[in-house]
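This report refers to the structure that appears directly beneath it.
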Protein chains: 2
Amino acid sequence: MRHQAQVLKGHLDMLLLATLADGPRHGYAIKEALREVSGSRFDLPTGTIYPALHRLEDAGLIRGSWSTVDGRRRRTYELTSPGRRRLSGDRKAWQEFSCAVASLLGEEPWPATT
Amino acid sequence: MRHQAQVLKGHLDMLLLATLADGPRHGYAIKEALREVSGSRFDLPTGTIYPALHRLEDAGLIRGSWSTVDGRRRRTYELTSPGRRRLSGDRKAWQEFSCAVASLLGEEPWPATT
DNA sequence: GAGGCATACGTAGGATTCCTAGTTATCAAG
DNA sequence: CTTGATAACTAGGAATCCTACGTATGCCTC
């Protein structure tokens, strides 16, 4: 019984923070932004998004506030200062990580167009 | 109680397969190769390596065989055909994944050398 | 006014993965 | 004989992501 590919592989928190770097968004909008910007590669179920946002809020990396728009309640999140610092560190870590992986994957960095 | 950073984030199997792409190696040698090629970024405990190798062998992606060298028993692994195919697919998936992440991380793809 | 769809939030529990912390054993160097 | 490098193993815990639900509103169509 194989689990469906967990495409995010531990980088979800970074991606959520990155999505909020442009400005505050509510949960559903974050999900949509992630889907659109990634060309549907990151089309995450809400059961992935919402618990992750709660994690980030508990960790003090984002701050949420309730509002109501058109009769629907929304929880809008924005980055905190620690969140901004974390994102900055995550970006650096990602560079290092992806470089290390690329070098381990071997000399062929790009499939030749021939 | 924060867990120590899980630097591999779901890509361990791919890295192990990639290490075997150059030719057969035994477990300990794989661990060392991973450490050296990555500049010590991937210095994994044996409790990570060995179970992962067992997983890959159970999945039929690598094949192991016992031998004894200098009185020490070794289990040497080599890629199977399915393993080679998997690695090839993993490389492609990695390209897509890392591109998607890069685009979500924003416009600054590389820190300027200025 | 009933049904369906998009919006919007949530939780419970399972599967998987990686790490910590331990064990066993050989060989070489001191 | 003790330490350190080599070489393999396992048990159990913590974290993460997914599946599968549940709740509710507004809008559009029938």
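Numbers restart at 1 for each chain; the letters A, B, ... are given by sequence-line order, proteins then strands.
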Exercise for the section: Check the pair A:Lys31 / A:Asp43 against side-chain contact (heavy atoms from CB on, under 4.5 Å), numbers first and verdict last. Expected result: CA-CA 7 Å; A:Lys31 172 181 146 64; A:Asp43 192 0; 3.6 Å; yes

Practice task
Start with the C-alpha gap between B:Leu16 and B:Tyr77, add the side-chain angles, then the distance that decides, and say whether side-chain contact (heavy atoms from CB on, under 4.5 Å) holds.
Solution key: CA-CA 10 Å; B:Leu16 294 175; B:Tyr77 294 99; over 6 Å; no

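B:Glu78 is not listed as a side-chain neighbour of B:Leu20, based on a closest heavy-atom distance of 4.5 Å or more.
Look at CG on B:Leu53: it is 15 Å from C1' on D:dT10, rounded to the nearest Å. We find that CD1 of B:Ile49 is positioned 15 Å from P of D:dT10, with the value rounded to whole Å. Atom P of nucleotide C:dA25 and atom CH2 of B:Trp66 are separated by 14 Å, given to the nearest angstrom. Rounded to whole angstrom, the span from the CZ atom of A:Phe42 across to the C1' atom of D:dC18 amounts to 16 Å. Per the geometry, CG belonging to A:Asp43 stands 13 Å off P belonging to C:dA6, to the nearest Å. When rounded to the nearest whole Å, the span between CZ of B:Phe97 and P of D:dC17 equals 10 Å. In this structure, the CG atom of B:Leu12 is 16 Å from the C1' atom of D:dT16, given to the nearest Å. Between A:Arg25 atom CZ and C:dT7 atom P the separation is 15 Å, expressed in whole Å.
Within the 4.0 angstrom heavy-atom criterion, only backbone atoms of the sugar-phosphate kind lie near A:Gly10; the bases stay farther away.
Here the rule is side-chain contact (heavy atoms from CB on, under 4.5 Å) with A:Thr19, and of A:Arg25, A:Glu32, A:Met14 only A:Arg25 fits it.
Nearer to the 5' terminus of DNA chain D, by closest-nucleotide assignment, is the contact made by B:Val69 (compared with the other of A:His11 and B:Val69).
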Mind listing the N/O atom pairs, protein and nucleotides 26-28 of chain D, below 3.5 Å?
from: D:dG26; atom 1: O4'; to: A:Arg72; atom 2: NH2; distance (Å): 3.3

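Here A:Thr46 does not reach the OP1 or OP2 of C:dC9: none of its side-chain N or O atoms lies under 4.0 Å away. For A:His54, no side-chain nitrogen or oxygen approaches OP1 or OP2 of C:dC9 to under 4.0 Å. For B:Arg55 and C:dC18, the shortest distance from a side-chain N or O to OP1 or OP2 is below 4.0 Å.
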Please tabulate, for side-chain N and O atoms in residues 45-62 of chain A, each donor-acceptor pair with protein atoms closer than 3.5 Å (sequence neighbours left out).
from: A:Arg55; atom 1: NH2; to: A:Asp13; atom 2: OD1; distance (Å): 3.1
from: A:Glu57; atom 1: OE2; to: A:Gly64; atom 2: N; distance (Å): 3.2
from: A:Glu57; atom 1: OE2; to: A:Arg75; atom 2: NH2; distance (Å): 2.7

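Minimum atom distance to the side chain of B:Tyr50 is reached by D:dA7, of the listed D:dA7, C:dG10, D:dC18. Taking only side-chain atoms of B:Tyr28, from C-beta outward, the nucleotide of C:dC19, D:dA8, D:dC17 with the closest atom is D:dA8. Here the side chain of A:Arg75 is nearest to one of C:dC9, C:dC19, D:dA7, namely C:dC9.
Rounded to the nearest 0.5 angstrom, A:Arg85 CZ and A:Ser81 OG are separated by 6.0 Å.
Using bins of under 30°, 30° to 60° and over 60° for the plane-to-plane angle, the ring pair B:Phe97/A:His11 lands in the tilted bin.
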